[in-house]
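Chain naming here is simple, since letters A, B, ... match the order of the sequence lines and numbering starts at 1 in each. Computed from heavy atoms alone, side chains included, the values below leave out hydrogens, waters and symmetry copies.
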Amino acid sequence: MTVGQTATLQSTGAPLPVPSGHEEEWRFTPLRRLRGLHDGTARPDGKVLVEVNAADGVTVETVGRDDARIGRITNWSDRVAETAFENFDRATVITVPREYVAAEPTRVTLRGEGIEGAAYGHVVIDVQQFGSASVVLDHQGSATYAGNIEVHVADGASLTLISIQDWADDAVHLGHQRIVLGRDARVRAVAVTFGGDLVRLFPQVTYTAPGGDAELLGLYFADDGQHLEHRSFVDHAVPNCRSNVAYKGALQGSGAHTVWVGDVLIRAEAVGTDTYELNRNLILSDGARADSVPNLEILTGEITGAGHASATGRFDDEQLFYLQARGIPAEEARRLVVRGFFAEIIARIGIPEIEARLLTTIEDELAQSFS
Amino acid sequence: MSTLEIKNLHVQVDTAEGVKEILRGVDLTIKPGETHAVMGPNGSGKSTLAYSIAGHPKYTVTSGSITLDGADVLAMSVDERARAGLFLAMQYPVEVPGVSVSNFLRTAKTAVSGEAPKLRTWVKEMKGAMEKLSMDPTFAERNVNEGFSGGEKKRHEILQLELLAPKIAILDETDSGLDIDALKVVSEGVNRFREGGETGVLLITHYTRILRYIAPDFVHVFVGGRFVEEGGPELADRLESEGYERFLDKATA
């Protein structure tokens with residue numbers, strides 16, 4: 001089966017081209033801040049330590065490059081993903097056994113040890129038939145990091161995958177997630193990005209059989225000078241699958257830049273597809289910039305639904321006035337509005353401890369803007 | 001027991017065509033227990049008066065004063081005015097996505113009274129107030145003003161009025177867009193707020209209909225940014241039969 005963005009797909013042979021910055025998929029990314037992750041000049045001696053706290057019944061192994069479970073996905077969508085795949089030392093393989101329903105999330109902490117030298121990571125998540133689990137990838141510390149996540153959700157299985165980018169201010173992180181869904185398989189992939197100098201994440205979903213359901217959620221908060229980029233690609237190539245993409249971001253401070261690009265392709269054979277994507281950005285102060293690009297390409301008329309919505313707005317002074325007119329001080333009113341803005345996404349995450357942590361993080365981010 | 005005093009208030013606003021003076025010398029005193037109806041045609045500046053008292057940043061006060069029991073209201077921020085006891089029921093209440101009515105009300109009550117209300121009594125109080133306004137209990141879990149009908153928005157404003165218990169209530173065309181049943185429910189809420197005889201009400205309206213349910217002590221006719229005539233409830237009856245025409249000449253004179 002063909003996977004990956006048709007425009008950039010190259011399955012074998014020569015390495016993918018080094019991006020110049022003029023390509024559609026790189027035009028928003030400041031390449032000079034990637035520290036050579038994109039052009040092979042990065043020295044591959046950086047370290048990102050992996051620490052795992054597995055749920056009962058879920059197997060987590062650290063394996064070498066030759067493990068047979070690695071590389072079921074070969075056609076990486078860009079040079080960075082390809083470089084990461086060629087250079088990682090050891091991979092983390094998470095297996096949720098057939099029909100096993102994990103009660104607790106499995107937590108994987110990836111902690112960067114410094115920005116000198118690039119680090120490459122690889123994680124495989126294999127949810128077997130009718131299995132169900134949550135996996136939290138928590139990125140922390142300082143790093144120059146490129147990582148790939150291979151996700152296989154088998155027939156009737158379900159996975160909640162949460163990737164938290166809570167990096168230190170100097171981290172650079174380019175991440176790809178390749179999610180393959182079986183018949184009636186479900187995935188909820190959540191990206192939460194607060195930290196890092198530059199973060200660029202790219203989840204891609206493919207369906208191998210009907211009935212697949214992908215929910216891609218994102219929440220980001222960019223401060224002074226941060227570049228936080230989220231791209232997604234959902235490739236509907238089989239009938240009767242569903243996808244829902246919803247990303248929300250807040251920006252504050254000069255030079256804060258966020259990018260959201262949501263690609264959805266409904267191929268001719270994907271009749272009965274139901275898809276919707278949404279991006280909302282809330283600009284809290286001058287000097288911040290949010291780019292938002294939904295791309296919906298539909299090659300069949302026989303779909304259940306397809307739509308997209310994108311909006312970027314400034315903090316609404318009328319909301320502020322309304323709340324203040326009820327006695328609520330300006331700072332608290334802003335807090336209410338921003339929390340409210342993110343509430344819809346947070347409520348969909350489904351893991352209470354993560355929801356609570358995000359609310360705290362949002363409070364912290366807002367506290368910075370008041371100080 | 002509070003008195004709101006407005007003296008020689010001049011207010012201007014920046015428009016695309018330049019600065020425009022909207023209030024041109026407003027004098028008004030609202031004593032405890034008094035209800036003042038302010039009536040006027042569209043564009044007379046009635047709403048500007050309401051928003052200027054509440055402190056909307058769009059309006060600039062160029063001269064005059066507003067005091068509440070002698071305290072300088074114009075020196076207060078919007079939230080300080082509300083905490084001092086002023087309440088504006090808005091004509092077009094604003095949506096606040098993701099913030100539930102119950103969270104909003106509790107936050108506002110905490111801000112106004114200076115301490116968080118006791119959970120048990122608060123929930124009871126909120127439910128009781130909602131019931132009196134014929135509001136469904138599920139209303140509390142909806143997002144503030146999001147998807148509310150016109151009538152629901154006005155009930156929600158009056159719900160806040162009753163729960164926050166200010167000293168002075170300014171009602172900006174609360175009757176607009178309400179059918180007669182909703183108007184009665186909303187008026188009953190305002191009358192409960194007036195019951196003790198210690199609160200003041202500034203009721204801004206275009207129509208006399210609401211004055212049949214909320215009896216005013218004074219009626220003021222507002223045209224061209226200032227009061228052109230004042231009287232008792234009988235003035236409202238004259239407006240009902242004669243309209244505003246005879247005042248329009250007066251204003252431009």
Criterion side-chain contact (heavy atoms from CB on, under 4.5 Å) on B/N103 and A/L336, from CA distance to verdict: CA-CA 9 Å; B/N103 181 18; A/L336 262 185; 3.8 Å; yes

After noting the C-alpha distance and the side-chain angles of B/V99 and A/V337, does the key distance pass the side-chain contact (heavy atoms from CB on, under 4.5 Å) rule? CA-CA 7 Å; B/V99 178; A/V337 169; 5.9 Å; no

Derivation and outcome, side-chain contact (heavy atoms from CB on, under 4.5 Å), residues A/Q324 and B/R83: CA-CA 9 Å; A/Q324 279 190 275; B/R83 293 199 296 275; over 6 Å; no

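Interface summary for chain A: among B/L105, B/V112, B/L88, the most heavy-atom pairs under 4.5 angstrom belong to B/L88. Counting heavy-atom pairs closer than 4.5 Å to chain A, the top residue among B/L164, B/V144, B/T107, B/T110 is B/T107. Among B/R81, B/K109, B/E95, B/M90, the residue making the largest number of heavy-atom pairs under 4.5 Å with chain A is B/M90.
The existence of a salt bridge linking B/E157 and A/R326 is confirmed by a sub-4.0 Å separation between a basic side-chain nitrogen and an acidic carboxylate oxygen.
In the displayed structure, A/E363 atom CD is contacted under 6.0 Å by more than 12 heavy atoms of other residues, nucleotides or ligands. Crowding of B/N191 atom CG: a count of heavy atoms from other residues, nucleotides or ligands under 6.0 Å exceeding 12.
Only the backbone of A/F341 comes within contact range of chain B, with at least one heavy atom under 4.5 Å from a heavy atom of that chain. In this structure, chain A has heavy atoms under 4.5 Å from both the backbone and the side chain of B/P93. Using a 4.5 Å cut-off between heavy atoms, A/Q319 touches chain B through backbone and side chain atoms alike.
To the nearest 0.5 angstrom, A/I328 atom CD1 is 9.0 Å from B/D79 atom CG.
Ring pair A/Y322/B/F104: centre-to-centre distance below 6.0 Å.
The two residues A/F321 and B/G55 have their closest heavy-atom pair at CE1-C, 3.9 Å. Nearest heavy-atom pair, A/G327 versus B/A82, reported as atom, atom and distance to 0.1 Å: N-CB, 3.2 Å. Contact between A/P329 and B/A111 at its shortest, heavy atoms only, is CD-CB, 4.3 Å.
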